[in-house]
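Everything below concerns the one structure shown next.
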Amino acid sequence: MKKGFFITLEGGEGAGKSTQQRRIVDWLLGRGKTVVETREPGGTKVSEQIRQVLLDTRNAGLNPTAELLMMFAARSQLVQEVILPALDSGTVVVSDRFADASYAYQGGGRGLGAEAVRQVEQIVLAGLQPDLTLLFDIPVELGMARVAGRGEADRFEAESVRFFERVRNAYLERAAANPGRFRVIDASQGEEPVWQQVRRALEEMPGL
Ligand SMILES: Nc1ncnc2c1ncn2[C@@H]1O[C@H](COP(=O)(O)OP(=O)(O)O)[C@@H](O)[C@H]1O
Ligand SMILES: [Mg+2]
């Protein structure tokens with residue numbers, strides 16, 4: 001049924017996801033592909049409203065399970081409104097984060113564990129998975145240094161180094177458990193060498 005191709009970019013703050021997403025989209029367009037870009041949480045009217053709640057530092061009292069469900073509520077809307085229709089019409093979808101981010105942030109960072117995330121994922125996604133997931137792996141302190149000048153921190157960016165270490169480790173566990181779909185990119189290198197790694201991963205994909 002699905003004719004398109006689904007690429008997700010994962011990794012912590014300052015890993016270079018947004019920077020490389022632009023290059024990926026240019027590369028795909030250069031090969032004549034139709035491309036839809038999305039970001040999480042967000043990407044639809046409702047999902048962007050949920051994003052506001054999730055990132056608002058005034059919502060410090062949001063509990064981890066509520067956070068997990070809101071992430072998947074926003075994701076469900078994005079999948080139904082944008083991702084599935086695009087894939088069905090043969091479009092390449094490139095998403096800045098997707099379900100693996102919940103394994104990393106809510107499962108790892110917030111400590112809910114992978115099993116809780118898996119249960120919600122099963123209800124919401126019913127088996128939908130990316131065809132390729134690029135994990136931009138970077139030491140936490142280096143990523144934080146890159147985004148230090150970005151302005152006021154949101155509810156996630158305000159978290160501790162230890163939180164982001166848990167996020168990083170959960171991402172790496174996720175990659176190790178799903179080697180067919182994941183490519184781990186050494187994101188600590190400069191923009192150009194990182195792109196070379198990404199381009200190689202794209203070129204190796206049948207169907208792109
Ligand atoms: N490979 C790189 N080396 C050094 N700086 C980078 C690299 N990639 C991106 N940057 C810079 O680091 C900051 C964060 O990059 P960004 O792409 O926004 O990361 P993310 O979207 O993963 O948070 C930006 O200022 C960007 O210009
Ligand atoms: Mg970004």
Side-chain angles (χ1 to χ4, degrees), residues 6-29 35-44 47-57 67 70-71 74-75 78 82-83 92-110 130 132-175 181-203:
F6 187 16
I7 302 173
T8 57
L9 285 69
E10 298 284 359
E13 322 293 322
K17 297 180 298 299
S18 300
T19 303
Q20 297 295 327
Q21 180 157 352
R22 283 191 289 276
R23 288 178 172 247
I24 291 167
V25 170
D26 286 347
W27 184 88
L28 289 165
L29 293 174
V35 182
V36 165
E37 288 185 75
T38 68
R39 70 156 182 191
E40 281 215 341
T44 75
S47 309
E48 289 289 334
Q49 289 180 62
I50 298 172
R51 177 190 181 91
Q52 295 297 317
V53 176
L54 283 164
L55 299 191
D56 193 333
T57 51
E67 180 179 292
M70 289 178 76
M71 283 291 182
R75 187 165 294 136
L78 180 67
V82 178
I83 295 178
V92 181
V93 176
V94 184
S95 188
D96 186 339
R97 294 215 172 103
F98 193 62
D100 295 305
S102 280
Y103 283 89
Y105 282 78
Q106 285 76 51
R110 301 289 186 218
L132 171 65
T133 298
L134 300 164
L135 172 55
F136 294 87
D137 181 54
I138 190 167
V140 171
E141 308 267 10
L142 179 53
M144 284 179 143
R146 281 188 189 168
V147 298
R150 226 182 220 176
E152 225 169 291
D154 66 35
R155 204 173 57 84
F156 288 99
E157 291 164 351
E159 282 294 339
S160 63
V161 171
R162 285 178 57 208
F163 175 89
F164 289 111
E165 295 286 3
R166 291 195 295 276
V167 169
R168 185 187 184 195
N169 289 333
Y171 265 137
L172 289 170
E173 279 172 26
R174 205 65 201 134
R181 166 168 72 86
F182 268 89
R183 296 290 178 274
V184 181
I185 304 294
D186 176 1
S188 67
Q189 299 180 10
E191 196 178 317
E192 198 56 40
V194 170
W195 166 243
Q196 296 310 320
Q197 296 176 62
V198 170
R199 193 170 49 78
R200 219 171 303 131
L202 295 172
E203 282 170 348

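Numbering of ligands and ligand atoms starts at 1, following listing order. Positions are given from 1 along the sequence.
With 2.8 Å as the limit, S18 counts as an N, O or S neighbour of the Mg ion (ligand 2).
For Q20 and R23, the side-chain atoms include no donor-acceptor pair closer than 3.5 Å.
With a 6.0 Å radius and a threshold of 12 heavy atoms from other residues, nucleotides or ligands, E203 has its CD atom above the threshold.
Note: Y105 and F164 have perpendicular aromatic rings, judged against thresholds of 30 and 60 degrees for the angle between ring planes.
Ligand 1 places these atoms under 4.0 Å from at least one heavy atom of Q189: 1 (N), 2 (C), 3 (N). Interface atoms of ligand 1 facing S18, defined by a heavy-atom separation under 4.0 Å, are 17 (O), 18 (O), 21 (O).
Between L28 atom CG and L202 atom CG the span is 6.5 Å, to the nearest 0.5 Å. Atom CG of residue L55 and atom CZ of residue F156 lie 6.5 Å apart, to the nearest 0.5 angstrom.
Note that atom 24 (C) of ligand 1 has no protein non-hydrogen atoms nearby, at separations under 4.0 angstrom.
Any N or O atom pair closer than 3.5 Å counts here, and K17 shares at least one such pair with ligand 1. Considering backbone and side-chain N/O atoms, V194 never comes within less than 3.5 Å of an N/O atom of ligand 1. Between G14 and ligand 1, a contact under 3.5 Å exists for at least one N or O pair. Taking only nitrogen or oxygen atoms, main chain and side chain alike, A15 reaches within less than 3.5 Å of ligand 1.
At a heavy-atom distance under 4.0 Å, only side-chain atoms of R150, from C-beta outward, approach ligand 1.
If you run salt bridge (Lys or Arg N to Asp or Glu O under 4.0 Å) between D137 and each of K17, R168, R183, only R168 comes through.
Taking a cutoff of 4.0 Å between a charged side-chain nitrogen and a carboxylate oxygen, R199 and E192 do not qualify as a salt bridge. Look at E13 and R97 and you find a salt bridge, because one of the NZ, NE, NH1 or NH2 atoms lies within 4.0 Å of a carboxylate O, short of that distance.
For G12, the closest heavy-atom approach to ligand 1 falls below 4.0 Å.
Looking at atom 9 (C) of ligand 1, its nearest protein heavy atom turns out to be T19 OG1, 3.3 Å. The nearest heavy-atom contact from the protein to atom 12 (O) of ligand 1 is R146 CD, 3.5 Å. Among all non-hydrogen protein atoms, the one lying nearest atom 19 (O) of ligand 1 is G16 N, 3.1 Å.
The cationic atom of R174 (NZ for Lys, CZ for Arg) does not lie both less than 6.0 Å from the six-membered ring centre of F182 and within 45° of the ring axis.
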